[in-house]
S.K.: 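Have a look at this one before I ask anything.
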Amino acid sequence: MQRFADKVVVVTGAGSGIGKATAERFLDEGAVVTLVGRTRSKLEEVAKPFRDDQFMIAEADVSNEDEVKELISRTVEKF
């Protein structure tokens, strides 16, 4: 079932734990997802099973307003 087809989702903490599980679920259900975290290698591992057009990786510290604005801008531009 593709409940989230044509939806764009931003998941913070996507490199591990609840964030990783959340990102994988949205991807499995058809969303395109911006995977946000501070460690690129962890985000790349999460993304491996998915097509390149299903996700975008954004290294960011969500406590930094400028980094959050940048990742949102990049997400809008890509998707």
Side-chain angles (χ1 to χ4, degrees):
M1 182 177 195
Q2 296 288 299
R3 294 185 315 164
F4 293 95
D6 301 320
K7 303 293 182 194
V8 178
V9 179
V10 175
V11 179
T12 61
S16 64
I18 294 170
K20 177 183 178 201
T22 301
E24 290 170 336
R25 183 64 181 261
F26 276 120
L27 286 159
D28 285 338
E29 298 222 14
V32 292
V33 178
T34 297
L35 304 167
V36 183
R38 291 188 283 179
T39 308
R40 183 170 196 84
S41 60
K42 288 183 179 183
L43 300 172
E44 289 172 345
E45 283 298 313
V46 173
K48 271 187 180 180
F50 301 98
R51 294 185 330 264
D52 288 345
D53 63 344
Q54 286 182 281
F55 67 89
M56 179 181 86
I57 291 175
E59 287 179 86
D61 177 351
V62 296
S63 69
N64 181 314
E65 185 176 351
D66 291 334
E67 289 184 27
V68 172
K69 287 178 182 178
E70 175 64 23
L71 81 89
I72 295 301
S73 177
R74 287 183 48 221
T75 298
V76 169
E77 183 178 310
K78 178 165 179 139
F79 300 122

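Predicted model, so just to flag it, every value in this text is computed and none were measured. All heavy atoms count here, side chains included; hydrogens, waters and symmetry mates do not.
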S.K.: Are Phe55 and Leu43 packed together at the side-chain level, in the sense that at least one heavy-atom pair is separated by less than 4.5 angstrom?
M.R.: no
S.K.: As an exercise, state the distance from CG of Leu71 to CG of Leu35, rounded to the nearest 0.5 Å.
M.R.: 11.0 Å
S.K.: Determine whether the aromatic ring centres of residues Phe26 and Phe4 are separated by less than 6.0 angstrom.
M.R.: yes
S.K.: State whether the number of non-hydrogen atoms from other residues, nucleotides or ligands found under 6.0 Å of Asp6 atom CG is greater than 12.
M.R.: no
S.K.: Would Glu44 and Ile57 count as a side-chain contact (heavy atoms from CB on, under 4.5 Å) if you check the C-alpha gap in whole Å, the side-chain angles of each, and the deciding distance to 0.1 Å?
M.R.: CA-CA 7 Å; Glu44 289 172 345; Ile57 291 175; 3.6 Å; yes
S.K.: Can you tell me how far the NZ atom of Lys78 sits from the OG1 atom of Thr34, to the nearest 0.5 Å?
M.R.: 8.5 Å
S.K.: Could you go through the side-chain contact (heavy atoms from CB on, under 4.5 Å) check for Val46 and Glu24 one step at a time?
M.R.: CA-CA 7 Å; Val46 173; Glu24 290 170 336; 4.2 Å; yes
S.K.: Quick test of your reading of the model: are Lys42 and Glu45 salt-bridged, counting only N-O distances below 4.0 Å?
M.R.: no
S.K.: Drop me the distance from Arg25's CZ to Ile18's CD1, to the nearest 0.5 angstrom.
M.R.: 14.5 Å
S.K.: To the nearest 0.5 Å, what is the distance between CZ on Arg38 and CD on Glu67?
M.R.: 9.5 Å
S.K.: So does Lys69 have more than 12 non-hydrogen atoms from other groups sitting under 6.0 Å from NZ?
M.R.: no
S.K.: Distance from Lys7 atom NZ to Phe79 atom CZ, nearest 0.5 Å?
M.R.: 15.0 Å
S.K.: Rounded to the nearest 0.5 Å, what's the gap from CZ on Arg3 to CD on Glu29? Could you check?
M.R.: 4.0 Å
